[in-house]
> 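Structure incoming, see below.
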Amino acid sequence: MKVLVVGATGQVGSEVVRALVARGIAVRAFVRADSKYTHLRDLDGVEVSFGDLLDPETIPPAVAGVDAIIATANSVSPRRRRDFGRVETVGYPALVAAAAEEGIDRLVYLSTVPMGEADATLPLSQHHRAVEATIQASGLPFTIMRFCAFSDVWLALPGSTLPQRGMSPTLFDRPFRFVRIYRALTGRTVDRFGRMVIVGSPEHRTAFITVRDAAAFLVAALDHEATRDAIFEIGGPEALSWGEVGDMYADLLGRPVKITSLPPGIFRVLGRLLAPIAPASANILMLNYAGAVADMTVTGNELAAELGLGPLERVEIFLKERAAIEA
Ligand SMILES: NC(=O)c1ccc[n+]([C@@H]2O[C@H](COP(=O)([O-])OP(=O)(O)OC[C@H]3O[C@@H](n4cnc5c(N)ncnc54)[C@H](OP(=O)(O)O)[C@@H]3O)[C@@H](O)[C@H]2O)c1
């Protein structure tokens, strides 16, 4: 089997490539010519196909001869302001058309769980739902996996670098200035001062899932007939409150961790104000609002067992593992 990974240089795509290689599956990585991809080039069995979802002519050669596609590419952190949303509205229709022309056996797409009432207005969700609709209408065998918040990202945002240790590449390194500034502002308040800064209530629960587990789900979808033409909503092994996460940080750091809670409404208002001039940045603000109010407590334990995956990584274990990695 040969699998084309679209988004291979991203944080999830890179894990997908590693997981495929570990299983001895041939990989073709779809890579933009000016992307950082040396970490992929050195893996056994990985072939690089240069292209760009916004350059439709580059897509059919990348799809030629593959059996399946795992697509994680997105424009959440665009290089250029005008590209926000275009990967989803222009790139994915071209990819899906090329895949249909090639007659591939499976298209697996990484999406997000619906975010309650915020889903209808959050650009990120709108983009995902548009791609999902394009895929569903194509007649291609597909699997859509809608994930909850990633541990590697969302557990860092309240002010810690631990969840990102040893991770390559990280979302926060992407050339999108707003995310870098946002990350710098959220900083290291947990690590340095025992202060966790969250959006919304400390009681709000989320079923955080690691990027590695998400990649394992995406790869497992290739093997199982039960995943054909199906949409799944997948979280980690348990839905934790921020208060519980704070206790875990306190145990790890050996000091009390206090929580400062910011009102979610501010993020929604700022997002709406910024939307006309900086839609990608506004999306990040609105996403913070949505994450604080939406129900993202669905766990992935049953599906993991059905797909033959091991136990999903609990946050406590994940944080301990990352803390053990040299900073
Ligand atoms: N963060 C979370 O908690 C979370 C939870 C659930 C679902 N999700 C979803 O997961 C996805 C994020 O995945 P990620 O973290 O792996 O993203 P990422 O690290 O930002 O990677 C984005 C990938 O898309 C590629 N890409 C962007 N524009 C492209 C184009 N025009 N042509 C070809 N490739 C292009 C990038 O390539 P370059 O390297 O060339 O830029 C990169 O490989 C998003 O769709 C998000 O909504 C995230």
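Everything numeric in this text was worked out from a predicted model, so none of it was measured. All residue numbers in this chain count up from 1 along the given sequence. Whatever order the structure lists ligands and atoms in, that order sets their numbers, starting from 1.
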> Is any N or O atom of Asp52, backbone or side chain, closer than 3.5 Å to an N or O atom of ligand 1?
yes
> Examine the proximity of ligand 1 to Ala214 and report which part, side chain or backbone, both or neither, has a heavy atom under 4.0 Å away.
neither
> Any idea which atoms of ligand 1 are less than 4.0 Å away from a heavy-atom of Val87?
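Checking each atom against Val87, I get 28 (N), 29 (C), 31 (N).
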> Side chains of Arg79 and Ser35: any donor to acceptor distance under 3.5 Å?
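Result is yes, a qualifying pair exists.
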> Cation-pi between Arg41 and Tyr37: NZ/CZ under 6.0 Å from ring centre and within 45° of the ring axis?
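That pair qualifies as a cation-pi contact.
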> For ligand 1, does Arg146 get within less than 4.0 Å through its side chain, its backbone, both, or neither, judged by non-hydrogen atoms?
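Neither part.
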> Can you list the atoms of ligand 1 that are under 4.0 Å from a heavy atom of Trp154?
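Result: 2 (C), 3 (O).
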> Out of curiosity, is Arg86 lining ligand 1, as in a heavy atom under 4.0 Å away?
no
> In terms of residue, atom name and distance, what is the protein heavy atom nearest to atom 12 (C) of ligand 1?
Asn74 ND2, 3.2 Å
> Counting heavy atoms only, which part of His128 comes closer than 4.0 Å to ligand 1: side chain, backbone, both or neither?
side chain
> So, are Glu321 and Arg314 salt-bridged, with charged N and O less than 4.0 Å apart?
no
> Starting from atom 21 (O) of ligand 1, find the nearest protein heavy-atom neighbour and note its residue, name and distance.
Gly10 CA, 3.2 Å
> How far is atom 40 (O) of ligand 1 from its nearest protein heavy atom, and which residue and atom is that?
Ser35 OG, 2.3 Å
> Ser111 heavy atoms, cut-off 4.0 Å: which ligand 1 atoms fall inside?
7 (C)
> For a quick check under 3.5 Å, do Ser241 and Glu203 share a side-chain donor-acceptor pair by atom type?
no
> Does any N or O in the side chain of His224 come within less than 3.5 Å of the main-chain N or O of Gly308, such that one atom is a donor and the other an acceptor?
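Not at all, since once roles are kept as given, no pair shorter than 3.5 Å links the two residues.
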> Between Arg322 and Ile317 (side chain of the first, backbone of the second, donor and acceptor by atom type, cut-off under 3.5 Å), is there such a pair?
no
> Could you list the atoms of ligand 1 found under 4.0 angstrom from a heavy atom of Arg79?
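Matching atoms, with element in brackets: 38 (P), 40 (O), 41 (O).
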> Judging by distance only, is a nitrogen or oxygen of Thr112 under 3.5 angstrom from one on ligand 1?
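No; every N/O pair is 3.5 Å or more apart.
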> Looking just at side-chain N and O atoms, do His39 and Ser168 make a donor-acceptor pair shorter than 3.5 Å?
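No.
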> Please indicate whether any nitrogen or oxygen in Leu124 is less than 3.5 Å from any nitrogen or oxygen in ligand 1.
no
> Classify the contact between Pro78 and ligand 1 as side chain, backbone, both or neither, using a heavy-atom distance cut-off of under 4.0 Å.
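Neither part.
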> In Å, rounded to the nearest 0.5 Å, how long is the span from CE of Met296 to SG of Cys148?
6.0 Å
> Among side-chain atoms of Ser75 and Glu88, is any donor-acceptor pair under 3.5 angstrom?
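Yes, Glu88 and Ser75 have a side-chain donor paired with an acceptor closer than 3.5 Å.
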> Counting N and O atoms only, with roles assigned by atom type, does the side chain of Thr299 sit under 3.5 Å from a partner on the main chain of Gly235, one being a donor and the other an acceptor?
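No: the side chain of Thr299 does not pair with the backbone of Gly235.
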> Using a strict 4.0 Å threshold on nitrogen-to-oxygen distance, state whether Arg106 and Asp67 make a salt bridge.
no
> Give the atoms of ligand 1, by number and element, whose distance to some non-hydrogen atom of Ala149 is under 4.0 Å.
3 (O)
> Fit a plane to each ring of Tyr92 and Tyr109, take the angle between them on a 0 to 90° scale, and name the class: parallel (under 30°), tilted (30 to 60°) or perpendicular (over 60°).
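Correct class here is perpendicular.
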> What protein heavy atom lies closest to atom 37 (O) of ligand 1? Include the residue and the distance to one decimal.
Thr9 OG1, 3.2 Å
> Looking only at heavy atoms, is any part of Arg174 under 4.0 Å from ligand 1, and if so is it the side chain, the backbone, or both, or is it neither?
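The answer is the side chain of Arg174.
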> Taking the basic N atoms (NZ, or NE/NH1/NH2) and the acidic carboxylate oxygens, is any pair closer than 4.0 Å for Arg212 and Asp152?
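Result for this pair is no, no salt bridge flagged.
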> Which atoms from ligand 1 have a heavy atom of Phe147 less than 4.0 Å away?
6 (C)
> Using a distance-only test with no angle check, is there a side-chain donor-acceptor pair under 3.5 angstrom linking Asp191 and Tyr249?
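There is no such pair (donor and acceptor under 3.5 Å, judged by atom type) between the side chains of Asp191 and Tyr249.
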> Ignoring hydrogens and geometry beyond distance, is a side-chain donor-acceptor pair present between Arg228 and Thr143 at under 3.5 Å?
no
> Identify the protein heavy atom lying closest to atom 35 (C) of ligand 1, giving its residue, its atom name and the separation to 0.1 Å.
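The closest heavy atom on the protein side is Arg32 NE, 3.8 Å.
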> Should the proximity of Val12 to ligand 1, defined as any heavy atom under 4.0 Å, be assigned to the side chain, the backbone, both, or neither?
both
> Any idea which protein heavy atom is nearest atom 14 (P) of ligand 1, and the distance to it?
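Of the protein heavy atoms, Gln11 CG, 3.7 Å lies nearest.
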> Heavy-atom distances under 4.0 Å are what count here, so tell me which part of Val211 touches ligand 1: side chain, backbone, both or neither.
neither
> Please list, in number order, the atoms of ligand 1 under 4.0 Å from a heavy atom of Leu110.
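Those qualifying, in numeric order: 10 (O), 11 (C), 13 (O).
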> Between Asp173 and Thr170, do the side chains contain an N or O donor and an N or O acceptor separated by less than 3.5 Å?
yes
> Would you say Leu53 has any N or O atom under 3.5 Å from an N or O of ligand 1, going by distance alone?
yes
> Looking only at protein heavy atoms, which one is nearest to atom 5 (C) of ligand 1, and what is the separation?
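Scanning the protein heavy atoms, the shortest distance from atom 5 (C) of ligand 1 goes to Cys148 O, 3.1 Å.
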> Side chain or backbone of Ser77 under 4.0 Å from ligand 1, or both, or neither, by non-hydrogen atoms?
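It is neither; nothing of Ser77 touches ligand 1.
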> So between Phe172, Phe150, Tyr109, Tyr37, whose heavy atom ends up nearest atom 1 (N) of ligand 1?
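Result: the heavy atom closest to atom 1 (N) of ligand 1 is in Phe150.
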> Starting from atom 25 (C) of ligand 1, locate the nearest protein heavy atom and write down its residue, its atom name and how far away it is, to 0.1 Å.
Ala73 CB, 3.9 Å
> Strictly below 4.0 Å, N to O, side chains only: are Glu326 and Arg165 in salt-bridge contact?
no
